[in-house]
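In what follows, residues are counted from 1 in the order of the sequence shown. Indexing begins at 1, ligand by ligand and atom by atom, following the structure's order.
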Amino acid sequence: MACSAFHQNTGTLQYHHQLRQVSSSGINIECGNVSMKFPLKVSKLEIGLSRRGAYTGSERSLRGIKASSSQTSVVDPVSSQSNEGTNDLRKKSSEAALILIRHGESLWNEKNLFTGCVDVPLTKKGVEEAIEAGKRISNIPVDMIYTSALIRAQMTAMLAMTQHRRKKVPIIMHNENEQARSWSQVFSDDTMKQSIPVITAWQLNERMYGELQGLNKQETAERYGNDKVHEWRRSYDIPPPNGESLEMCAERAVAYFRDYIEPQLQSGRNVMIAAHGNSLRSIIMYLDELTSQEVVSLELSTGIPMLYIFKEGRFVRRGSPVAPSEAGVYAYTRTLAQYRQKLDDMLN
Ligand SMILES: O=C(O)[C@@H](CO)OP(=O)(O)O
């Protein structure tokens, strides 16, 4: 018995580019009418070294953050997961896939309202974006899912997983108290093998937008001025009135990532995170070693998955999988290619 439970335009870095082609000389990425080629040889280490001198004290502390908050969910189920689809591959490889998805359009995105920690659901368009995101990642192994505590991120994760070819069932872990844990036990190893634990964590929530929550973004810009509102929305260390700056959001989100998610990747588990514009901006700032100036121009689109490969202790951004048939995604690593082949053999 088991109790188991990734453009540059008008100065704006937008991580919603479309990966078009991977060749031996580089990666072609298209975004709108813009096409860029990135040489494969440019490593994160090189980028990091050239940027490291520009870090501020708080950025350095971002990299040294220890979580001050407790984990919201117990991860026991994971150790009892066989993840048999990728387990044998894991033994041969120290690499893991990390998928980041900002939730699909929410009802307050549609109304152009500051949302922050207000818990609103997806629009119909948001539902469609989540399903489309799922199609893009349907051949990438997922062993664990992390979402924020907010419904728009959870809807996105669940809807995306309806498209996954492996058809494992995502199960939200309820560890908020002993009774919840006890009442949500599963008593079949076989069933657990066909499941993916979903860990919800408030630390991955959207930045708390303070007294802007519920206000219209356009009206707020007209009242306080475009520059002030842009500073509140995109600066690193200037908080909106009584809300969290990106730096404050990073203190919890990056700490959670480092303390709870990175160890899963280190042990070879493939992880998907469904979260929010700013909690993901802070995590990407950490992964890509962006400076506080660079993160100002980082924008994330709703419902676009970004793929990173974690290998030998380093994160390498691999853009956004375009479609299940996109051969380039599977050229990233031998492990992913093998996984896809296995799916093809099993399901076709
Ligand atoms: O309203 C919000 O919570 C966020 C994300 O939608 O807005 P912004 O674009 O200002 O980060």
Side-chain angles (χ1 to χ4, degrees), residues 7 9-16 100-130 133 147-157 159 200-254 256 273-286 288 290 292-306:
H7 148 102
N9 68 359
T10 59
T12 302
L13 267 170
Q14 295 193 326
Y15 280 27
H16 60 183
L100 308 180
I101 309 186
R102 181 185 172 197
H103 63 81
E105 182 195 68
S106 77
L107 283 161
W108 277 19
N109 290 145
E110 186 185 41
K111 290 180 185 294
N112 203 24
L113 305 181
F114 285 101
T115 313
C117 287
V118 182
D119 202 358
V120 296
L122 300 183
T123 59
K124 184 169 179 289
K125 179 181 168 202
V127 168
E128 287 162 3
E129 286 175 335
T147 77
S148 75
L150 301 173
I151 193 74
R152 56 193 187 273
Q154 296 180 8
M155 285 178 80
T156 301
L159 288 165
T200 61
W202 69 266
Q203 293 92 332
L204 299 174
N205 281 7
E206 181 55 290
R207 57 116 59 89
M208 203 280 277
Y209 245 124
E211 291 166 17
L212 300 186
Q213 287 184 177
L215 300 190
N216 181 282
K217 290 176 182 174
Q218 181 59 36
E219 288 167 11
T220 307
E222 284 159 15
R223 179 166 172 199
Y224 294 98
N226 282 328
D227 291 349
K228 185 76 221 160
V229 170
H230 185 259
E231 197 173 65
W232 284 336
R233 293 179 69 185
R234 293 293 171 264
S235 71
Y236 178 63
D237 52 6
I238 299 169
N242 288 315
E244 282 184 310
S245 63
L246 186 66
E247 182 179 21
M248 292 154 81
C249 178
E251 277 167 17
R252 58 175 164 86
V254 176
Y256 186 85
I273 306 177
H276 304 265
N278 293 292
S279 55
L280 288 176
R281 281 173 77 227
S282 72
I283 289 172
I284 289 171
M285 184 180 180
Y286 167 70
D288 287 358
L290 302 180
S292 57
Q293 291 81 42
E294 288 167 327
V295 79
V296 171
S297 50
L298 174 60
E299 297 279 350
L300 302 184
S301 300
T302 51
I304 302 293
M306 289 158 282

Classify the contact between Arg102 and ligand 1 as side chain, backbone, both or neither, using a heavy-atom distance cut-off of under 4.0 Å.
side chain
Does ligand 1 have a heavy atom under 4.0 Å from the side chain of Trp108, from its backbone, from both, or from neither?
neither
Strictly under 4.0 Å, does any heavy atom of [X] approach an atom of ligand 1?
X      : value
Arg234 : yes
Leu113 : yes
Gly116 : yes

Can we say Glu244 and Arg252 salt-bridge, meaning some charged N sits less than 4.0 Å from an Asp/Glu carboxylate O?
yes
Hey, are Glu231 and Lys228 close enough for a salt bridge, meaning a charged N less than 4.0 Å from a carboxylate O?
yes
Would Thr302 and Glu129 count as having a side-chain donor-acceptor pair, cut-off 3.5 Å?
yes
Would a distance-only check, ignoring hydrogens and angles, find a side-chain to backbone donor-acceptor pair under 3.5 Å from [X] to [Y]?
X      : Y      : value
Asp119 : Ile151 : yes
Ser297 : Glu294 : yes
Asp288 : Leu290 : no

Among protein heavy atoms, which sits nearest to [atom], and what does the distance come to when rounded to 0.1 Å?
atom                    : value
atom 1 (O) of ligand 1  : Thr115 N, 2.8 Å
atom 5 (C) of ligand 1  : Glu206 OE2, 3.3 Å
atom 11 (O) of ligand 1 : Asn278 ND2, 2.8 Å
atom 8 (P) of ligand 1  : Tyr209 OH, 3.4 Å
atom 7 (O) of ligand 1  : Lys217 NZ, 2.9 Å

I want to know if ligand 1 touches Asn109 in the polar sense, i.e. an N/O pair below 3.5 angstrom.
yes
So is Arg152 polar-close to ligand 1, meaning N/O to N/O under 3.5 Å?
no
Worked check of side-chain contact (heavy atoms from CB on, under 4.5 Å) between Leu100 and Leu300
CA-CA 11 Å; Leu100 308 180; Leu300 302 184; over 6 Å; no
Interatomic distance, CD@Gln203 vs OG@Ser148, rounded to 0.5 Å, equals 10.5 Å
Minimum heavy-atom separation for Val118 to Gln213, with atom names?
CG2-NE2, 3.5 Å
Hey, which atoms in ligand 1 end up nearer than 4.0 Å to a heavy atom of Arg233?
8 (P), 9 (O), 10 (O)
